[in-house]
There are 2 protein chains.
Amino acid sequence: MEAQNNPGAPAYQRIASTYRGKIASGELRPGDQLPTESAIADQFGVARQTVRTGLSLLVTEGLIVARRPRGHFVREREHMLYRPQERSRPRPATPEVDRFSQQISAEGRVPSQRIEVSLVQATPDLAERLRVETGATIVARRRVRSINGEPTNINDSHFPLDIVKDSEIMSPAYVPRGTDQVLADLGHRQDRAIDEIFVRMPTPEEIHRLGLGLGTPVAVHYDTGYTADGTPVRCTVNVLPGDRHKIVFERSWHDD
Amino acid sequence: MEAQNNPGAPAYQRIASTYRGKIASGELRPGDQLPTESAIADQFGVARQTVRTGLSLLVTEGLIVARRPRGHFVREREHMLYRPQERSRPRPATPEVDRFSQQISAEGRVPSQRIEVSLVQATPDLAERLRVETGATIVARRRVRSINGEPTNINDSHFPLDIVKDSEIMSPAYVPRGTDQVLADLGHRQDRAIDEIFVRMPTPEEIHRLGLGLGTPVAVHYDTGYTADGTPVRCTVNVLPGDRHKIVFERSWHDD
DNA sequence: CAGGACACATTGTCTAGTCAATACATCAGG
DNA sequence: CCTGATGTATTGACTAGACAATGTGTCCTG
């Protein structure tokens, strides 16, 4: 399908189309180098700037990366599993899920994290989910999780101030039994959670915190936990780089 | 934080940063028009091309759109709810979910869809999920769903050929009782499903089918249904434009 | 042989223009 | 009043340069 480059389209699109095709067809494989901008310009008979416009399309699509002053290279990807249900249902995974989780435990991955606790003012999105007023003081427990030293996701949990003050949650240290258990011990056992997933391009701050390249979208996962009486007690914001994660849920038609 | 534009950075980044800030702060609101490229160029004392480079950043971030020859405008967003669980659990939504679903039924939205059924060869990703061999013939039931005439998502269901041949699923018409019920009537009642969500930039084909703008990432949702004995009988691929959807799951700690 | 200075290739940033395409407004003619 | 032609402002596409920034490798020096 659409074998030819793209007759009639602007030159920069033809150039992008050409190399997109070579990558899709496998003629150019991950890690391979593209010709230099000048070489492409000569080949297509256009100015170098036009080539740059075309290649920048592929960069924002996440297909290639520029490594100055080496050249442009086809990007290499890997997917990491992200399974929100694991934290709420510590049941044994069904065989079906196991088929998809094999990759995660392969290779000796070394997880680490940096924790930072602070009091912040609720932004409108958090205020709505925690049912407090915008600007109210809440507790933010921010983490950047890394695997093998590479930051892989942002995990910011937020709690209403009145229910967690003076608890271990306020301490910027790892809590072995888990913050959900701490909440439960404080009388706020979570019973239900709602997951909301948005997809968008990252903000400059996220690009910086996660070391993202251009052309990498992120999934933003709001995980709001409720007690049995329907009160929200926790709102966790996960930011997952799109090129490093796969989000997996499991559903059952009949209670399990 | 980082109040000033961005001293020291390249001019095109300062320009992007300036308008990104104005949008974030609310000084520029959705639908508002930015100054013309020439005006910005004059203001910053740079060439128009430099302004274009800067604004193109904001376009790929999905913050602004260009409407030739009117100018650049701050993008207006609306989020449509996407709730994979609805199809498997027709129970009444809990009050917590209702808080988030209010927007969907507001406004008289007119849904429509175009259905197309064909026999295709299984691509590697589908073959793995349906446990058939790559290249095996399977049934593809492709839909583009539209709301108010605007295509909003791609919904391609795939079935192993042997279990659906000669059934209504092969007909390119709407099946009122739903394809899941058809499968159940054929003796393949689904019992479990696995949801996998990937985030990436769209392919040119998806851009065309969904009428996407630049800077719009997509969420790709693989929904694989299994019968009680663990046999996959359906694999649905949903492609959701990131700027139009919010994906919502609900979880319960204790069976409901 | 080790280390530093330098050259080189390549991408990054930017200029000052030209011409094309397009949606909208204006205005003349019926 | 409506209709169609014409103008106009704006973005889109592109050129032919210039100079900066930066890894990599080479080569000279001690």
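The sequence lines fix the lettering, A, B, ..., with proteins before strands; numbering per chain opens at 1. Any value given below was found using the heavy atoms of this structure, including those in side chains, with hydrogens, waters and symmetry copies removed.
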Notebook entry, point to check: Taking protein heavy atoms under 4.0 Å as touching, what does nucleotides 19-25 of chain C look like 5' to 3' if B marks base contact, S marks sugar-phosphate-only contact and - marks none?
Noted result: --BBBS-
Checklist line | Set of residues satisfying side-chain hydrogen bond (donor to acceptor under 3.5 Å, both in side chains) with respect to A/Tyr12, sequence neighbours excluded | finding: none
Notebook entry, point to check: Rounded to whole angstrom units, what separation is found between the CZ atom of A/Arg52 and the P atom of C/dT13?
Noted result: 7 Å
Item checked: Gap between atoms CG and C1', on B/Asp42 and C/dA16 respectively (whole Å) -> 13 Å
Next item on the list: Check whether any side-chain heavy atom of A/Arg75 lies under 4.5 Å from a side-chain heavy atom of A/Leu63, and answer yes or no.
Entry: no
Next item on the list: Find out whether A/Ile15 and A/Leu57 are in side-chain contact, i.e. whether some heavy atom of one side chain is under 4.5 Å from a heavy atom of the other.
Entry: no
Next item on the list: Considering non-hydrogen atoms only, spot the tightest contact between A/Ala219 and B/Val199 and give its length.
Entry: CB-CG2, 3.6 Å
Margin query: Check for me whether B/Arg67 meets the cation-pi criterion with B/Phe73, that is, NZ or CZ under 6.0 Å from the six-membered ring centre and within 45 degrees of the ring axis.
Written below: yes
Notebook entry, point to check: Is the NZ or CZ atom of B/Arg129 both under 6.0 Å from the centre of the six-membered ring of B/Tyr222 and within 45° of that ring's axis?
Noted result: yes
Item checked: Backbone N/O of B/Asn155 and side chain of B/Arg141: donor-acceptor pair under 3.5 Å -> no
Margin query: Determine whether a donor-acceptor pair (N or O, by modelled atom type, separation under 3.5 Å) exists between the side chain of A/Arg14 and the backbone of A/Ala9.
Written below: yes
Notebook entry, point to check: First contact, last contact: which nucleotides of DNA chain D are these for chain A, 5' to 3', heavy-atom distance under 4.0 Å?
Noted result: D/dA13 to D/dT24
